[in-house]
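Proteins come first, then strands; the chains are lettered A, B, ... in the order of their sequence lines, and each starts at number 1.
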Number of protein chains: 2
Amino acid sequence: MAHVKVADELCTVSLPAALLGERWTLLLLRQAFLGTRRFEDFQTSMDISRSVLTERLGTLVEEGILRREAYKDVRTRYEYRLTEKGLDLYPVLMALRKWGDRWMAPEEGPSFGLHHRTCGGDVGVHVSCEGCGAELTARDVRVTPLRDARA
Amino acid sequence: MAHVKVADELCTVSLPAALLGERWTLLLLRQAFLGTRRFEDFQTSMDISRSVLTERLGTLVEEGILRREAYKDVRTRYEYRLTEKGLDLYPVLMALRKWGDRWMAPEEGPSFGLHHRTCGGDVGVHVSCEGCGAELTARDVRVTPLRDARA
DNA sequence: AGCTAGGGTTCGGAATCCGAACCCAAGGGG
DNA sequence: CCCCTTGGGTTCGGATTCCGAACCCTAGCT
């Protein structure tokens, strides 16, 4: 594997990476998956500045990952909820968590547990071959530049 | 699911998220998985400033995700290679790519293909139950705060 | 002796981030 | 009727971080 070069603007890893690799965005999504929906709750639970939070929520809405929706509490409030596109980021967060559990876990273990709602089993994340079903690591995968490869 | 609060410093999602959510880090890892190893190659392939690259490579080495190693070319050079801890981030990158393929792919499709080296099959990423094997979405998972939960 | 290449470091200016203060609309209380 | 509170923001000045460009150092090559 000799230093494959790809055009960033067209790479389906770098596009999401640029988005999620912005400060706070991943944390914000973690909160969203934990059920946080309101501006105030995001702000206090993550300890982010209000201006930056406004901005991040804004780009996530623009990107179609969150949806801003009015609803009636005692009066009109807004909530930010994951769209289908947003929910589809679940594997990314789970992969992150698996890695965190293994390599960065504090002594006391993870701060919350995740279990299959119906059978109680642990949640796993696996990279596998759609063809033969084998579990794959980076070494088992061949990378083929499809276009725009120069060196 | 009513807005679970967790201490950030102890959460195994936010710890890695803080690390990977730093600008450039995810892109750098993508390059690493594509086989890039040398300072110059990282710099030109990602178009990152040299000072920031030095810094990022430094923190990744500190974190034990990359290893800086001297080797003999025509003379002594250095390369940055993924450690076991680094290689273990593969599922994160794959999950990112799957999502990118589905939601941000340019017209022409992804810029490179990934296939199982031995059977040629597509690479998949799945969140599933370790107990019953069922494929899981966010909705199928119950979150249980294990400690430090306050509201 | 001078040139080149890899791998950095060191600037000063530009873009981001932050905390704190402010704004505004809609109830609620007195 | 007036003031207070709450959610959801916006605005501001100062502190960080980022960036590009220039510089440095070492070995080999010519």
Item to check | Set of residues satisfying salt bridge (charged side-chain N to carboxylate O under 4.0 Å, His left out) with respect to Arg68(A), sequence neighbours excluded | outcome: none

Checklist entry - What integer distance in Å separates Glu40(A):CD from dG8(D):P? => result 6 Å

Checklist entry - Taking atom P of dG7(D) as reference, at what distance in whole Å does atom CZ of Phe39(A) sit? => result 12 Å

Item to check | Under-4.0 Å side-chain N/O to phosphate OP1/OP2 contact, Tyr80(A) with dG9(D) | outcome: yes

Checklist entry - Under the salt bridge (charged side-chain N to carboxylate O under 4.0 Å, His left out) rule, what pairs show up with a residue in residues 82-91 of chain B, not counting sequence neighbours? => result Arg102(A)-Glu84(B), Arg102(A)-Asp88(B)

Next on the checklist: Does the protein touch nucleotides 16-28 of chain C at the base, only the backbone, or not at all? Give it as B, S and - per nucleotide, heavy atoms under 4.0 Å.
Outcome noted: -SBB-----BBS-

Checklist outcome for this item: Leu53(A) atom CG is separated from dG8(D) atom C1', nearest whole Å, by 10 Å

Next on the checklist: I need the CD-P distance between Glu69(B) and dG7(C), as an integer number of Å.
Outcome noted: 13 Å

Checklist entry - How many Å lie between CD on Gln43(B) and C1' on dT9(C), as a whole number? => result 14 Å

Checklist entry - In whole Å, what is the span from the OH atom of Tyr78(A) to the P atom of dT10(D)? => result 12 Å

Checklist outcome for this item: Leu57(A) CG to dT10(D) C1', in whole Å, measures 14 Å

Item to check | Residues in salt bridge (charged side-chain N to carboxylate O under 4.0 Å, His left out) contact with Arg81(A), at least two apart in sequence or another chain | outcome: Glu79(A)

Checklist outcome for this item: Separation of dG6(C) atom C1' from Arg68(B) atom CZ, nearest Å, is 11 Å

Checklist outcome for this item: With sequence neighbours left out, the residues meeting salt bridge (charged side-chain N to carboxylate O under 4.0 Å, His left out) with Glu135(B) are none

Item to check | His126(B) versus Ser128(B), side-chain donor and acceptor atoms under 3.5 Å | outcome: no

Checklist entry - Partners of Glu40(A) by salt bridge (charged side-chain N to carboxylate O under 4.0 Å, His left out), sequence neighbours excluded? => result Arg50(A)

